[in-house]
Amino acid sequence: MKIATWNVNSLRVRLPQVIDWLQQHDVDILCLQELKLPDDKFPLEALQEIGYQAAWAGQPTYNGVALVSKLPGTEVQRNLPDFEDPQQRLIAATYETEAGPLRVASAYCPNGEALDSDKFIYKMAWFEAFHSWLAKEQKKYPQLVVLGDYNIAPADIDVHDPKRWEGKVHTSPEEREHFQALLQMGFVDAFRAHHPDDPGFSWWDYRRRAFARDAGLRIDHALVSQALWPHCVDAWVDKDPRSNTQPSDHTPVVIQLSI
DNA sequence: ATGGTCGTCTCACGA
C-alpha cells in the first residue's frame with residue numbers, strides 16, 4: 001500500500017491538482033496539510049467521486065489537516081490531547097489491513113517564524129506535546145506512520161545551502177533535537193533511510209525562483225514505527241506537482257508498504 | 001542588497 005503526504009497550501013486552490021494526482025498514482029492514503037478552509041467547505045463530494053473517503057480538521061484561513069483514503073478510517077483523533085490549541089494541526093485514524101490495524105497521522109507542525117519569536121516558543125511546546133502523544137500512540141498502535149510537514153530540515157543534507165540557513169528556523173539545533181527525539185523513540189525517517197545521499201527536497205520557496213534553482217529544503221517527512229519499518233519497501237519525493245501551473249510550494253512525499 | 005511570492009472573507013499577516 002502507498003501512503004503520501006502533501007502540504008497543499010489551500011485545498012480550494014489545489015483541489016484539481018490533488019484529484020489529478022490521486023488519479024495518476026495508486027495512493028491508498030493521502031495526508032494533507034494547510035487546507036486553509038473551514039470544515040463546511042471541505043470538498044468531500046469531489047473526492048468521493050474518484051473513490052476516496054476523508055476525515056478532516058479545518059479552520060478558516062490557516063492550518064487544517066486531512067486524511068484522504070480509499071478505506072474508511074476509525075478512531076479519528078483531532079489535534080493533540082492535553083494540548084489546548086485552536087490551530088488545527090493534527091488528525092489521526094486507524095485503517096484495517098490484512099496485517100492488522102494501521103494507525104496513520106497527518107501532521108502540520110508549526111513553522112516557528114524566527115528563532116527569537118513567540119511562534120518559536122509555541123513550536124517547541126507543540127513538539128513536546130507531539131512527542132508525548134506519539135510515545136503513547138506507538139504503544140497502542142505498533143503499526144504507526146506519521147506523515148506531514150514537520151517544518152524541520154533534520155540535517156545539512158536536507159538544506160540546499162546550509163550556510164545561508166544558519167540561525168534560521170527549520171535548521172536550528174533545538175528543532176533538530178526535537179526531530180532526533182522522535183527517531184530515538186524508534187521511528188524511522190523513511191526517505192532518508194532509503195536514500196542516504198539524495199537531498200530529497202520537498203519544499204521550495206515561491207520567491208527568488210527557488211524551484212528553478214533547486215534551492216529547497218526537505219521538511220516533509222514520513223516517520224515509520226519500528227514494528228512497521230521492515231515492511232517499508234521504499235520512499236520517494238514526487239517533484240512533478242511542483243512544476244504545475246499554480247503549484248503548492250510543497251510537493252508530495254510517498255512511502256510504499258508491503259502490507 | 002534581508003529583497004522576492006503566494007493565499008486568505010486581503011490593503012496585513014502567515015508561510
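It should be emphasised that the depicted structure is a prediction, and the values quoted were computed from it without experimental measurement. Below, chains carry the letters A, B, ... as their sequence lines are ordered, and counting in each starts from 1. The figures here come from the full heavy-atom set of this structure, side chains too, leaving out hydrogens, waters and symmetry mates.
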Item checked: Nearest-nucleotide pick for A:Arg164, side chain only, options being B:dA15, B:dG14, B:dG4 -> B:dG4
Item checked: Positive for ring-ring contact (aromatic ring centres under 6.0 Å, His included) with A:His221, one of A:Trp203, A:Phe187, A:Tyr150, A:Phe191 -> A:Tyr150
Check: Between B:dG7 and A:Arg14, is there an OP1 or OP2 to side-chain N/O distance shorter than 4.0 Å?
Finding: yes
Margin query: Of the listed nucleotides (B:dC6, B:dC9, B:dA15), which one gets closest to any side-chain atom of A:Pro60?
Written below: B:dC9
Note to self: How many whole angstroms separate atom NZ of A:Lys123 from atom C1' of B:dA15?
What the structure shows: 11 Å
Margin query: Would you measure the distance from the C1' atom in B:dA15 across to the matching atom in B:dG4 and give it in whole Å?
Written below: 13 Å
Check: So which nucleotide from B:dA15, B:dT8, B:dC9 ends up closest to the side chain of A:Lys119?
Finding: B:dA15
Next item on the list: Please determine, for the side chain of A:Asn9, which listed nucleotide (B:dT8, B:dG7, B:dA15) has the closest atom?
Entry: B:dG7
Note to self: So, does A:Thr61 get its side chain near the phosphate of B:dC9, meaning an N or O under 4.0 Å from OP1 or OP2?
What the structure shows: yes
Next item on the list: Would you kindly give the OH-to-C1' distance between A:Tyr122 and B:dA15, to the nearest whole Å?
Entry: 14 Å
Next item on the list: Before giving the answer on side chain to side chain contact (heavy atoms under 4.5 Å, CB included), spell out for A:Phe211 and A:Ser243 the whole-Å C-alpha distance, their side-chain angles and the decisive distance to 0.1 Å.
Entry: CA-CA 8 Å; A:Phe211 184 59; A:Ser243 304; 3.4 Å; yes
Next item on the list: Using the C1' atom on both, measure B:dC6 against B:dC11 and round to a whole Å.
Entry: 16 Å
Notebook entry, point to check: Say you pick atom P in B:dG14 and the same atom in B:dC9; how far apart are they, in whole Å?
Noted result: 15 Å
Checklist line | Among B:dT5, B:dG7, B:dG3, the nucleotide that comes nearest once only the side chain of A:Lys36 is considered | finding: B:dG7
Margin query: Output the rounded distance in Å from CG (A:Asp205) to C1' (B:dA15).
Written below: 8 Å
Item checked: Between A:Trp229 and A:His194, ring centroids under 6.0 Å -> yes
Item checked: A:Asn7 CG - B:dG14 P separation (whole Å) -> 17 Å
Next item on the list: Give a yes-or-no answer on whether the side chains of A:Gln53 and A:Ser69 include a donor-acceptor pair shorter than 3.5 Å.
Entry: no
Checklist line | Nearest-angstrom distance from the residue atom CZ of A:Arg89 to P of B:dG14 | finding: 12 Å
Notebook entry, point to check: Is a donor on one side and an acceptor on the other found under 3.5 Å between the side chain of A:Asn7 and the backbone of A:His250?
Noted result: no
Notebook entry, point to check: With respect to the phosphate group of B:dG14, does any side-chain polar atom (N or O) of A:Gln87 fall under 4.0 Å of OP1 or OP2?
Noted result: no
Next item on the list: Please work out if A:Phe211 contacts a base, only the sugar-phosphate, or nothing of the nucleic acid, heavy-atom cut-off 4.0 Å.
Entry: nothing
Notebook entry, point to check: C1' atom, B:dT5 versus B:dT10: distance in rounded Å?
Noted result: 15 Å
Notebook entry, point to check: Side chain of A:Arg12: nearest nucleotide among B:dT8, B:dG4, B:dA15?
Noted result: B:dT8
Item checked: Gap between atoms CG and C1', on A:Asp40 and B:dC9 respectively (whole Å) -> 13 Å
Checklist line | Interatomic distance where OH belongs to A:Tyr62 and C1' belongs to B:dC6 [whole Å] | finding: 13 Å
Margin query: If I take atom CG in residue A:Asn111 and atom P in nucleotide B:dC6, what distance separates them, rounded to the nearest angstrom?
Written below: 18 Å
Notebook entry, point to check: Between A:Ser106 and A:Gln33, does any side-chain donor sit less than 3.5 Å from a side-chain acceptor?
Noted result: yes
Notebook entry, point to check: Taking the side chain of A:Glu34 as its heavy atoms from C-beta onward, which of B:dT8, B:dG4, B:dA15 lies nearest to it?
Noted result: B:dA15
Check: When we call it a touch if two heavy atoms are under 4.0 Å apart, what does A:Glu113 touch: a base, just sugar-phosphate, or nothing?
Finding: nothing
